[in-house]
Amino acid sequence: MTFNQRCYELLSQIPKGKIVTYKQIANTLNTKAYRAVGNAMANNPNPITVPCHRVIKSNGLIGGYVFGTKKKINLLEDEGIIIKKDEIVDFKKHIHLFK
DNA sequence: GGAATGACATTTA
DNA sequence: CTAAATGCCATTC
């Protein structure tokens with residue numbers, strides 16, 4: 001089981017309309033590899049089962065996306081998330097907490 | 001094995 | 001509050 005696999009597994013647990021920060025993911029994995037998490041996303045071999053577009057920065061910004069940040073925003077808004085100027089509106093209300 | 005890279009975070013000015 | 005500098009972990013070249 002690689003780091004990436006674990007990240008994907010967590011992401012697959014995120015329900016529609018919810019989001020998480022890179023920090024939360026790393027924290028859930030008991031590590032501080034926020035960077036590595038981002039790398040895993042970039043290497044996302046399975047964008048279908050892995051909703052990597054629901055991962056955002058800890059400051060509420062969108063962050064990056066393989067298909068472009070625009071596309072990411074579009075997807076999130078389609079799931080009910082409000083985004084303004086590449087920033088999540090009330091993103092604390094949409095944050096998903098892992099068990 | 002070592003150096004470079006990145007979808008980040010935190011601290012300092 | 002905004003901007004810049006520094007630190008970080010895992011992966012890849």
Side-chain angles (χ1 to χ4, degrees):
Chain A
M1 184 69 83
T2 71
F3 206 82
N4 311 42
Q5 288 294 324
R6 306 227 277 150
C7 295
Y8 307 145
E9 199 159 301
L10 281 174
L11 291 183
S12 61
Q13 293 180 34
I14 304 175
K16 177 173 172 292
K18 292 285 184 177
I19 54 180
V20 287
T21 66
Y22 293 93
K23 183 177 181 173
Q24 307 255 322
I25 295 175
N27 190 40
T28 305
L29 294 178
N30 289 308
T31 178
K32 292 112 192 132
Y34 339 103
R35 289 278 198 133
V37 175
N39 253 323
M41 300 303 107
N43 262 307
N44 184 3
N46 210 336
I48 315 300
T49 59
V50 181
C52 42
H53 59 273
R54 293 182 188 148
V55 186
I56 62 171
K57 289 193 164 193
S58 62
N59 59 348
L61 291 176
I62 300 301
Y65 192 55
V66 180
F67 299 99
T69 308
K70 290 193 336 164
K71 191 69 180 174
K72 185 171 179 178
I73 294 172
N74 208 3
L75 287 168
L76 289 174
E77 286 195 320
D78 193 54
E79 294 189 358
I81 311 295
I82 312 299
I83 300 171
K84 183 180 172 71
K85 306 252 188 243
D86 292 16
E87 186 176 331
I88 306 288
V89 177
D90 293 329
F91 82 101
K92 294 174 186 172
K93 296 181 181 177
H94 301 284
I95 281 290
H96 171 75
L97 274 54
F98 295 104
K99 286 190 270 167

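Every heavy atom of this structure was used, including side-chain atoms; hydrogens, water molecules and symmetry mates were not. Throughout, protein chains are lettered first and strands after them, A, B, ... in sequence-line order, and every chain is numbered starting at 1. Computed from a prediction, not measured in an experiment: that's the story for all the values here.
Sorted pairs that involve residues 10-64 of chain A and meet ring pair (Phe, Tyr, Trp, His ring centres under 6.0 Å), not counting sequence neighbours, are lacking altogether.
A donor-acceptor contact under 3.5 angstrom links the side-chain atoms of A:Tyr22 to the base of B:dA7.
Other residues sharing a hydrophobic cluster with A:Ile19 under the 4.5 Å side-chain heavy-atom criterion for ILVMFWY residues are A:Ile56, A:Ile62, A:Ile73, A:Leu76, A:Ile81, A:Ile83, A:Ile88, A:Phe91, A:Ile95, A:Leu97.
When heavy atoms are screened at a 4.0 angstrom cut-off, A:Val66 is found touching base atoms of the nucleic acid. Counting any heavy atom pair closer than 4.0 Å across all strands shown, A:Ala33 reaches sugar-phosphate atoms only and no base atom. A:Phe3 comes within 4.0 angstrom of sugar-phosphate atoms only, judged by non-hydrogen atoms across all strands, and of no base.
Evaluation of the salt bridge (charged side-chain N to carboxylate O under 4.0 Å, His left out) rule for A:Lys93 yields A:Asp90 as partners, not counting sequence neighbours.
The nucleotide range of DNA chain C contacted by chain A, defined by atoms under 4.0 angstrom from heavy atoms of the protein and reported 5' to 3', is C:dG7 to C:dT11.
Separating the CG atom of A:Asn44 from the P atom of B:dA7 is a distance of 13 Å, rounded to the nearest angstrom. Look at CG on A:Asn39: it is 16 Å from P on B:dA4, rounded to the nearest Å.
Looking at A:Lys18, A:His94, A:Glu79 one by one, the single match for side chain to side chain contact (heavy atoms under 4.5 Å, CB included) with A:Arg54 turns out to be A:Glu79. Evaluated for a side chain to side chain contact (heavy atoms under 4.5 Å, CB included) with A:Phe98, the options A:Leu29, A:Val20, A:Asn27 yield exactly one hit, A:Val20.
Note: A:Asp78 CG to A:Lys71 NZ = 9.0 Å, rounded to the nearest 0.5 Å. A:Leu75 contributes atom CG, which lies 5.0 Å from atom OH of A:Tyr65 (distance to the nearest 0.5 angstrom).
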Tabulate protein N/O versus nucleotide N/O from nucleotides 10-13 of chain B, keeping only pairs under 3.5 Å, one per line.
{"residue": "B:dT10", "atom": "OP1", "partner": "A:Lys23", "partner atom": "NZ", "Å": "2.0"}

Under 3.5 Å, which donor-acceptor pairs link side chains of residues 36-50 of chain A to any protein atom two or more places apart or in another chain?
{"residue": "A:Asn44", "atom": "OD1", "partner": "A:Asn46", "partner atom": "N", "Å": "2.8"}
{"residue": "A:Asn46", "atom": "OD1", "partner": "A:Thr49", "partner atom": "OG1", "Å": "3.4"}
{"residue": "A:Asn46", "atom": "ND2", "partner": "A:Thr49", "partner atom": "OG1", "Å": "3.1"}

